[in-house]
K.L.:
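My structure is below; once you've seen it, I'll send some questions.
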Amino acid sequence: MDRYNPEEIEPKWEAIWEKEGLFRAVEEDDGRPRFYKLHMFPYPSGDLHMGHAEAFAISDIIARYRWMQGMNVLHPIGWDAFGLPAENAAIKRGLHPRPWTDRNIAEQERTFRRYGMAFDWSRKLSTADPDYYRWTQWLFLQLHANGLAYRKLAPANWCPKDQTVLANEQVVQGRCERCGTPVVRRDLTQWFFKITDYADRLLDDMAQLDWSDRVLTQQRNWIGRSYGAEVTFEIEETGDRIPVFTTRPDTLWGVTFFVFAPEHPLLASLAEAGGTSAAVRDIQDRLQRTHVSEREETLSREGVPLGVHAVNPVSGERVPCFVAPYVLMEYGTGAVMGVPAHDQRDFEFAREHGLEVRVVIQPQGVQVDPDDMSEAFAHEGVMVNSGPFDGTPSPASIQAVTEWLEREGIGRAATSYRLRDWLVSRQRAWGPPIPIIYCPTCGEVPVPEADLPVVLPDDVDFSPQGESPLARNEAFVNVTCPSCGGPAKRETDTLDTFVDSSWYFLRYTSAQDDEEPWSPEAVRRWLPVDMYSGGIEHAILHLLYARFIVKVLFDLGHLEFIEPFHKLLNQGMVIYRGAALSKSKGNVVEPLPLIETWGADTIRLTMMFAAPVEDDVDWATVSVAGMHKWLGRVWRAVHTAAKGANADGSATERLGRAAHRATKAVTSDYERFGFNVAISKMMVLTNELQRAIEGGAAADVVRDAAERLVVLLAPIAPHITEELWRETLGHAESVLHAGWPSWDEALTREDEVTLIVQVDGRVRDRITVRASAGEEECRTVALASERARAAVGDRVVAETIVRPPKLVNLVTRSA
RNA sequence: GCCGGGAUGGCGGAAUCGGCAGACGCACCGGACUCAAAAUCCGGCGCCCGCAAGGGCAUGGGGGUUCGACUCCCCCUCCCGGCACCA
């Protein structure tokens with residue numbers, strides 16, 4: 001027997017697998033059920049790290065397990081190759097992003113291959129490839145043609161360092177997600193996708209997703225649907241009718257003031273009517289110069305009176321109007337009614353500005369008095385001082401009040417969302433150019449589909465200067481109008497990378513197709529994805545956008561399903577002593593050197609055994625050597641078993657049972673992704689196998705157990721099992737085609753079990769009985785137990801609980 | 001503040017249905033082999049009392065349901081993640 005030498009066998013089998021085309025998905029119907037296993041494609045911004053090693057091991061194990069169960073598996077790979085990091089790296093190194101990106105892709109591909117990844121390489125794609133982004137542009141045109149892509153002047157989140165606009169999702173705590181620079185507001189004409197039209201469907205269709213609560217909650221929070229009412233107030237001095245959104249129409253009688261957001265479009269004319277123009281302009285100017293971050297961080301209750309009054313439609317009462325930065329233009333209608341008694345922000349504002357606090361919801365029992373309130377009262381109570389609704393319990397009354405508002409013609413039921421439209425333009429050069437042409441005569445003209453792709457020029461000055469670098473490339477910018485033939489200019493912004501990744505899973509089904517973005521038949525065959533895995537960091541952005549795009553494509557008749565990923569698995573991160581692995585901390589662990597030292601199988605095994613897949617793996621606590629040692633034991637045991645020179649012996653039956661029990665348990669562990677537990681059960685089987693070999697067991701049973709072990713382990717450790725399967729055990733075909741083993745249910749059950757004898761719920765004795773022992777037999781055996789009798793002492797057995805054949809509980813009472 | 005998820009030996013973790021808590025591994029301790037070491041193999045290993053037999057305690061804390069609770073219910077503490085001036 002040779003020593004277990006992964007360095008030799010691993011590259012050998014990787015080359016053979018490639019030659020045999022083992023991992024190609026089959027398009028033709030060959031009778032096997034199809035399984036689409038997708039993992040989030042990587043960003044080629046450097047080498048693969050341990051996070052990839054864990055995540056892709058999971059994906060590979062699931063794919064191989066399905067293959068071995070006889071399925072036709074699609075397990076593709078590609079690269080999310082556009083985006084800021086490539087461009088930033090290119091600027092820093094003075095290189096064009098493309099060669100830099102290509103080099104990283106090549107390096108990552110090499111690592112994936114050396115890691116034993118079972119990918120269908122023939123479907124490899126890169127979003128930065130014109131053959132791909134041509135169809136990203138086609139997707140944009142689809143949305144554009146159907147009114148779902150539009151341009152508007154909007155206050156954008158502008159990062160002064162990256163010199164670009166950011167999506168709301170890329171602003172974290174008022175700072176740029178990538179570089180941490182405080183984001184400022186800037187008015188720019190931007191392209192948007194109308195995702196808000198889909199808010200309800202994005203929420204409601206979540207019911208059919210088998211995703212973790214964590215992700216579903218994040219999406220729900222992000223969309224932020226709240227039900228309430230829209231009520232219109234009239235400005236006494238000007239007659240303007242201003243709608244407000246409220247979730248608490250039951251507090252309408254408690255309105256004592258009215259507030260506008262500083263960006264509200266009617267502010268200037270209202271201030272003029274109230275004679276407060278100077279003060280209002282002052283506060284607007286100040287806010288314009290303030291960083292978004294500072295504005296969000298100061299929970300100030302500042303504000304200035306507008307000098308005009310709003311008329312409360314439910315009571316006819318006039319209340320003073322203010323402008324205050326705590327009211328946001330982006331949410332609701334940009335104006336709110338002030339109910340200080342029952343809203344904490346309004347309460348603080350009223351105290352600051354000496355406004356009346358009027359209680360209109362009284363709790364049962366206690367008397368809430370405005371004079372000694374220290375905070376707003378936001379709990380259940382009964383409506384008071386509320387005209388026709390006095391005495392009605394709140395918040396149950398919301399529905400009734402809303403209906404009343406509708407009858408009176410003052411308001412209506414309304415729903416408000418936190419979600420805003422998706423800003424997709426980027427003032428950057430490393431992305432798909434937006435396929436629009438601006439013609440002085442015809443206006444905004446979409447590039448005809450036949451002219452796609454709008455190719456990204458190779459000679460671009462990448463230094464960011466506040467507009468897209470493409471704008472400085474005259475050959476790119478100047479075109480003839482496709483409509484009238486006159487001189488025109490191209491749009492120079494590019495699309496957000498999340499547009500690229502919102503449809504890549506469709507492209508994999510027909511990655512080489514140059515006639516259409518995907519073949520409808522192929523998509524019908526493979527989609528929706530059966531199993532999607534990836535990092536939790538994409539819980540909101542990528543997953544929400546992909547769901548949105550799929551719904552749009554469904555509506556346009558391009559797809560026949562409404563959710564792309566029914567089952568989602570989010571693996572944990574790899575950390576070190578509780579902290580993230582990062583270059584700045586100098587604790588980066590790279591997979592390739594580890595693979596070269598220990599072998600890919602050992603590393604895959606290590607990552608899977610360290611923790612449940614959803615949990616973080618702390619690299620400081622793993623034992624690579626321990627896993628390697630176990631593979632060595634497997635190697636030796638299988639070699640010995642294959643020699644088959646054992647005589648029959650007492651260990652035969654025990655081993656047979658262990659093998660069948662392990663088969664059943666490991667199968668169920670694979671089904672629920674409990675790979676750490678599956679491995680522990682395979683370790684037990686290895687120990688049993690070794691013990692049986694030493695104790696003397698029938699050769700055929702030993703060999704069967706060894707084969708089962710090899711097959712069960714194959715998804716996790718593909719190289720060593722392939723070597724053992726084909727070379728040591730002498731099979732002609734790959735272990736991938738070995739078929740998943742079945743088990744004899746009778747053998748998984750022991751014929752003798754340990755009967756637990758409890759007295760008053762405490763274990764007092766353990767007695768071996770036949771598994772078929774019935775209730776009477778168990779009771780008799782338990783009552784005969786010396787130890788149980790001792791524990792009963794001079795009390796008497798009042799009741800016996802019998803759960804044959806596992807447990808008897810003797811319940812006693814004093815004699 | 002709101003929403004979601006957690007808490008089990010020195011460590012990672014197991015316990016699929018309410019029925020032997022701590023599988024499996026790491027670390028540690030002891031032993032075999034060896035001139036020695038490495039490798040390998042064998043044994044021990046929740047805490048406390050006890051020479052032992054044995055007993056007690058124990059799944060973040062408190063209460064409840066049950067013959068029986070890591071598991072179900074209520075309350076609390078702490079930790080992780082998300083959202084957060086969202087009207």
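Just so it is clear, the model here is predicted, and its values are computed rather than measured. Sequence lines set the chain letters: A, B, ... in the order given, protein chains first and strands last, and positions in each chain run from 1. Side-chain atoms are counted along with the backbone in the values below, which use heavy atoms only and exclude waters and symmetry mates.
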K.L.:
Both A/Ile756 and A/Ala610 contact RNA chain B. Which one's nearest nucleotide lies toward the 5' end?
P.N.:
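In this pair, the answer is A/Ala610.
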
K.L.:
Which class fits the ring pair A/Phe260 and A/His264: parallel under 30°, tilted 30 to 60°, perpendicular over 60°?
P.N.:
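Perpendicular, since the angle between the ring planes exceeds 60°.
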
K.L.:
Looking at the angle O4'-C1'-N9-C4 for a purine or O4'-C1'-N1-C2 for a pyrimidine, is B/G9 syn or anti, with syn meaning within 90° of 0?
P.N.:
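Here the answer is syn: the torsion falls within 90° of 0.
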
K.L.:
Between B/G9 and B/U59, how far apart are the two P atoms, rounded to whole Å?
P.N.:
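About 10 Å, rounded to a whole number of Å.
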
K.L.:
Side-chain contact, heavy-atom cut-off 4.5 Å: A/Asp760 with A/Leu810?
P.N.:
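No, side chains not in contact.
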
K.L.:
Can you tell me how far P in B/C17 sits from the matching atom in B/A27, rounded to whole Å?
P.N.:
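One P to the other, the span is 33 Å.
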
K.L.:
Is the closest side-chain heavy-atom distance between A/Val215 and A/Leu543 below 4.5 Å?
P.N.:
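SC-SC contact between A/Val215 and A/Leu543 confirmed.
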
K.L.:
Are more than 12 heavy atoms from other residues, nucleotides or ligands located less than 6.0 Å from atom CD of A/Glu7?
P.N.:
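Check fails, neighbour count at 12 or below.
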
K.L.:
Does A/Thr217 have a side-chain nitrogen or oxygen under 4.0 Å from the phosphate oxygens OP1 or OP2 of B/G81?
P.N.:
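For A/Thr217, the contact criterion (side-chain N or O under 4.0 Å from OP1 or OP2 of B/G81) is not met.
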
K.L.:
Between A/Phe258 and A/Phe233, what is the ring plane arrangement, given parallel below 30°, perpendicular above 60°, and tilted in between?
P.N.:
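If you compare the ring of A/Phe258 with that of A/Phe233, the planes turn out tilted.
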
K.L.:
Taking the P atom of each, how far is B/G1 from B/U16, in whole Å?
P.N.:
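The answer is 35 Å between these two P atoms.
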
K.L.:
In terms of side-chain heavy atoms of A/Val763, which of B/A21, B/G4, B/G12 is nearest?
P.N.:
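Shortest atom-to-atom distance from the side chain points to B/A21.
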
K.L.:
Do the side-chain N or O atoms of A/Arg787 get closer than 4.0 angstrom to the phosphate oxygens (OP1, OP2) of B/G54?
P.N.:
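Yes.
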
K.L.:
Roughly how many Å is it from CZ in A/Arg691 to C1' in B/C41, rounded to a whole number?
P.N.:
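Checked: the CZ to C1' distance equals 15 Å.
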
K.L.:
Taking only the C1' atom of each, what is the distance from B/C75 to B/G82 in whole angstrom?
P.N.:
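It comes out at 25 Å once rounded to the nearest Å.
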
K.L.:
Would you mind calling B/C17 syn or anti? Take O4'-C1'-N9-C4 for purines or O4'-C1'-N1-C2 for pyrimidines, and syn is within 90° of 0.
P.N.:
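It is syn.
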
K.L.:
Produce a footprint string for nucleotides 23-28 of chain B: one letter per nucleotide, 5' end first; B if the base is under 4.0 Å from any protein heavy atom, S if only the sugar-phosphate is, - if neither.
P.N.:
BBSS--

K.L.:
Measure the shortest side-chain to side-chain distance between A/Ile61 and A/Tyr670 over non-hydrogen atoms and say whether it is less than 4.5 angstrom.
P.N.:
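A side-chain contact under 4.5 Å exists here.
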
K.L.:
Aromatic ring centroids of A/Phe257 and A/His353 under 6.0 Å?
P.N.:
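When the ring centroids of A/Phe257 and A/His353 are compared, they turn out to be at least 6.0 Å apart.
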
K.L.:
How do A/Arg214 and A/Pro612 order along RNA chain B: which one's closest nucleotide is nearer the 5' end?
P.N.:
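By nearest-heavy-atom nucleotide position, the 5'-most residue is A/Pro612.
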
K.L.:
Please write out each protein N/O paired with an N/O of nucleotides 66-74 of chain B under 3.5 Å, distance rounded to 0.1 Å.
P.N.:
unit_1, atom_1, unit_2, atom_2, d
B/C67, O2', A/Asn809, ND2, 3.3
B/C67, O2, A/Asn809, ND2, 2.5

K.L.:
Using the side-chain heavy atoms of A/Arg672, tell me which of these nucleotides is nearest: B/G13, B/A15, B/A87.
P.N.:
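So the nucleotide nearest the side chain must be B/A15.
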
K.L.:
Base, sugar-phosphate, or nothing: which does A/Arg764 touch, judged by heavy atoms less than 4.0 Å apart?
P.N.:
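Sugar-phosphate only.
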
K.L.:
Base, sugar-phosphate or nothing for A/Ser668? Non-hydrogen atoms, less than 4.0 Å.
P.N.:
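Contact class for A/Ser668: base.
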
K.L.:
B/G56 and B/A69: how far apart are their P atoms, nearest whole angstrom?
P.N.:
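It works out to 15 Å between them.
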
K.L.:
Is any side-chain heavy atom of A/Asp204 closer than 4.5 Å to one of A/Arg225?
P.N.:
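Yes, their side chains come closer than 4.5 Å.
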
K.L.:
Between B/G5, B/A87, B/G82, which nucleotide has the shortest distance from any of its atoms to the side chain of A/Asp213?
P.N.:
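That would be B/G5.
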
K.L.:
Base, sugar-phosphate or nothing for A/Arg762? Non-hydrogen atoms, less than 4.0 Å.
P.N.:
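Contact class for A/Arg762: sugar-phosphate only.
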
K.L.:
Does the side chain of A/Arg345 get closer than 4.0 angstrom to OP1 or OP2 of B/A84 through an N or O atom?
P.N.:
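No, because none of the side-chain N or O atoms of A/Arg345 sits under 4.0 Å from OP1 or OP2 of B/A84.
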
